[in-house]
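Side chains included, hydrogens not; waters and symmetry mates left out as well; all remaining heavy atoms used. Naming: A, B, ... by sequence-line order, numbering from 1 per chain.
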Amino acid sequence: MIDEAGYPHMSPRSAYANSHLADLFAELAGYLSLESGAPYRRLAYERAAQVFQNHPVSIAALARQGSLRELPGVGANIEAKVLELLDTGRITILEELRDRYPAGLLDIMRLPGIGPRKAKALWSSLGIYDLAGLRDACVENRVRGLRGMGAKTEESILREVERADHADRADRLLLGHVDPSARRLLLALRSFPGTRQADVAGSLRRRKATVKDIDLVAASAAPEETMAAFAALPELAEVGLHGIAALTGRTQGGVSVDLRIATPQAYGNLLLHFTGSAQHNVDLRGLAKEQGFHLSEHGLEGQAASRTVTHEREADVYAALGLSYIPPELREGQGEIEAAAEDRLPALVERGHLRGDLHVHSTWSDGRATIEEMAQAAAAVGLEYIAICDHSRSLGVARGLTSDRIEDQVREIRKIDAQVPHLSVLAGCEVDILADGSLDLPDDILGSLDFVVASIHSGLGQDRTRIMRRLLGAMENPRVAAIGHPTGRLLGRRAPYEINLEALADAAVRTGTFLEINASYERLDLAAPMAREARDRGARFIISSDAHDAAGFALLDYGVDEARRGWIEARDVMNTLPLEELLPLLPSHRYRNRGSGRPVG
DNA sequence: GCCGTTTTCGGCCCGACTGTTTTCAGTCG
């Protein structure tokens, strides 16, 4: 059965989104951590939750097809629980655990420094079952009486409870918000006389769209001096106690900072360890063990020789395990180690590969710079072409353009295109895909443009079937070159609308429509796991800044980061092509080079 | 609970730090 939206086997059960399933299994794992014994049972549920969260296609659909157990970490038991949920709307064991423990204990366990043991002790000894009760107990100094908990623990718990209160639910920070601070700290760290090497580590180095802290590592000839100099940086609002090897602090912006210092000889081992991900480290250590080694942040120990070998560079650690160097963006435990062992890692796209930017705004709609200013800024960062894609009329909040205004704008763009050296300016539009599935501008106008990106900005609450009908309808329109921010997510603010990724990717291939990886760090849409799946199905992409001002071209870096996390290569990204190779691929061949001897390619 | 060129049992990454203990448990990355 294929329904109108073009994908098979829709059923009401698909109401269970992967993130919802992941939440339920994470909750299950949380409760199990309170139970004595069976620590690996808990781990199994945590892993399953992680797999569900990251999987690009519907877990519910896989379960119905009977192929759920093909996923790593999913066995008969977890499959049975997913099916039970789909069939009955509940998971019996989860219901039982919810009866046994108060839900607030899970919130308490999320506080830094509190794990299952302390949470359980607080509950059984003091009857504390939520954050409010915990705060009261701290204020009344009742916590410090418990075994293993003194005044310091109580103070730190109180601090964390209050922080959790004021964290306005944003426990994960946007990459684009944290990055500038991390860059400054790294620059300072590298400037100290004793510093041999320094890098950002952790999820920030893996370029995850959201991070929770800033991890830094350094190799120093004078660790104590380096540590003292770092602790004195004005960017740090708080510095905890620190020794020679580790420091914890907090930036003025309230972001946690961890710094680790290693000897130059073991720098590669430390950097590798603190870059993670946790799953990548687990996999790597497992591989090391198979080979008779013991891998830690201090080096590689041979079991026979029992001598620890250290490595100055990460690449040397990988090489010692028979692996090619794995870029940090791939270190998520998603098959990168197998690929490295077989020397078939992708040649990831780089910022330097991008020659153009095909989704840029101007003051004609909601941008803050004129077309000419945007063109100058693009040329200044080395781009060879841009497409001005302002909003269409229905997006009133963005002063969207009517057909008449578009025609005026095209004339203006042609004029500026002829004036700006070394840059081609294409006439484009970001046309709204309206709630009824029609496009917001007539075909003759769209057909007069060089580049049309079609996006959804309204009717975001529609179900998957209707959303997909709109997206697929837009792709079938031969004047549409790309789909903009295909899932509509705004990180930390708005969940994506639900799409059928397979159907979207297949339609992209069939119609020759590009899928956008929108580089705004609030969007990063398509997200990496989806981009990877779409790529595997043959889809092609554009990485777009969606810049609204002259500084906005810097956002392209984040788009490249997200694409790399999706295993995307330069050949998958159409705006890496020189303009004369891109144009023949576009629906419209109307663009004519009006240039005055500008270089081509 | 999952998994398997050490498979149907017996493992599952592991070291450092913190606060509190007087030899270590809990937590973290």
Problem - CA sep, side-chain torsions, deciding dist, call: His177(A), Tyr521(A), ring-ring contact (aromatic ring centres under 6.0 Å, His included) - result: CA-CA 8 Å; His177(A) 290 160; Tyr521(A) 55 72; 5.2 Å; yes

Handout entry: C1' gap between dT21(B) and dG26(B), integer Å
Key = 12 Å

Handout entry: Options dC17(B), dG1(B), dG29(B), nucleotide nearest the side-chain atoms of Phe274(A)
Key = dG29(B)

Exercise for the section: Ignoring backbone atoms, test whether Lys81(A) places a side-chain nitrogen or oxygen under 4.0 Å from the OP1 or OP2 oxygen of dG1(B). Expected result: yes

Problem - Spacing of the C1' atoms in dG11(B) and dC17(B) (rounded, Å) - result: 27 Å

Exercise for the section: Would you please confirm or rule out a distance under 4.0 Å between OP1 or OP2 of dT20(B) and any side-chain N or O of Thr153(A)? Expected result: yes

Problem - Between dT20(B) and dG15(B) - P atom distance, rounded Å - result: 26 Å

Exercise for the section: Report yes or no: do Arg190(A) and Thr195(A) form a side-chain donor-acceptor pair below 3.5 Å? Expected result: no

Practice task
Report yes if a side-chain nitrogen or oxygen of His298(A) is closer than 4.0 Å to either non-bridging phosphate oxygen (OP1 or OP2) of dC14(B); otherwise report no.
Solution key: no

Practice task
Side chain of Arg117(A) only, please: which of dG26(B), dG1(B), dC12(B) is the nearest?
Solution key: dG26(B)

Exercise for the section: Indicate, with a heavy-atom threshold strictly under 4.0 Å, whether Ile114(A) touches base, sugar-phosphate, or nothing. Expected result: sugar-phosphate

Exercise for the section: Identify whether any heavy atom of Ala151(A) sits under 4.0 Å from a base atom; if not, whether one sits that close to sugar-phosphate; answer base, sugar-phosphate or nothing. Expected result: sugar-phosphate

Exercise for the section: Mark yes or no for whether Glu312(A), through its side chain, and Gln265(A), through its backbone, hold a donor-acceptor pair below 3.5 Å. Expected result: no

Practice task
Could you check whether Tyr40(A) and the base of dC12(B) form a stacked pair, meaning centres closer than 5.5 Å and planes differing by less than 30°?
Solution key: yes

Completion exercise
Among dG29(B), dC17(B), dC14(B), the one nearest any side-chain atom of His294(A) is dC14(B)

Fill in the blank from the handout: Result for 5'-nearest mapping on DNA chain B, choosing between Ala44(A) and Asp258(A), is Ala44(A)

Handout entry: 5' priority, DNA chain B, between His273(A) and Val282(A) [closest heavy atom]
Key = Val282(A)

Exercise for the section: For the pair Ser277(A) (side chain) and His280(A) (backbone), establish whether a donor and an acceptor sit closer than 3.5 Å, ignoring hydrogens and angles. Expected result: yes

Fill in the blank from the handout: Against the side chain of Lys118(A), the closest entry in dG26(B), dG1(B), dC17(B) is dG26(B)

Handout entry: Spacing of the C1' atoms in dT8(B) and dC3(B) (rounded, Å)
Key = 10 Å

Exercise for the section: Classify the nucleic acid contact of Ala48(A) as base, sugar-phosphate or nothing, counting any heavy atom under 4.0 Å across all strands shown. Expected result: nothing

Handout entry: Nearest-angstrom distance, C1' atom, dC2(B) to dT7(B)
Key = 12 Å

Handout entry: Side-chain donor-acceptor contact under 3.5 Å, Asp258(A) with Thr248(A)
Key = yes

Exercise for the section: Look at all strands and tell whether Leu270(A) reaches a base, only sugar-phosphate, or nothing, counting heavy atoms closer than 4.0 Å. Expected result: nothing

Problem - Separation of the P atoms in dG1(B) and dT6(B), to the nearest angstrom - result: 27 Å

Practice task
Look at the side chain of Ile78(A) and decide which nucleotide, out of dC14(B), dC17(B), dG1(B), has an atom nearest to it.
Solution key: dG1(B)

Exercise for the section: Give a yes/no on whether any side-chain N or O of Asn281(A) is located under 4.0 angstrom from OP1 or OP2 of dG29(B). Expected result: no

Problem - Closest to side chain of Lys289(A), choosing from dC14(B), dG1(B), dC17(B) - result: dC14(B)

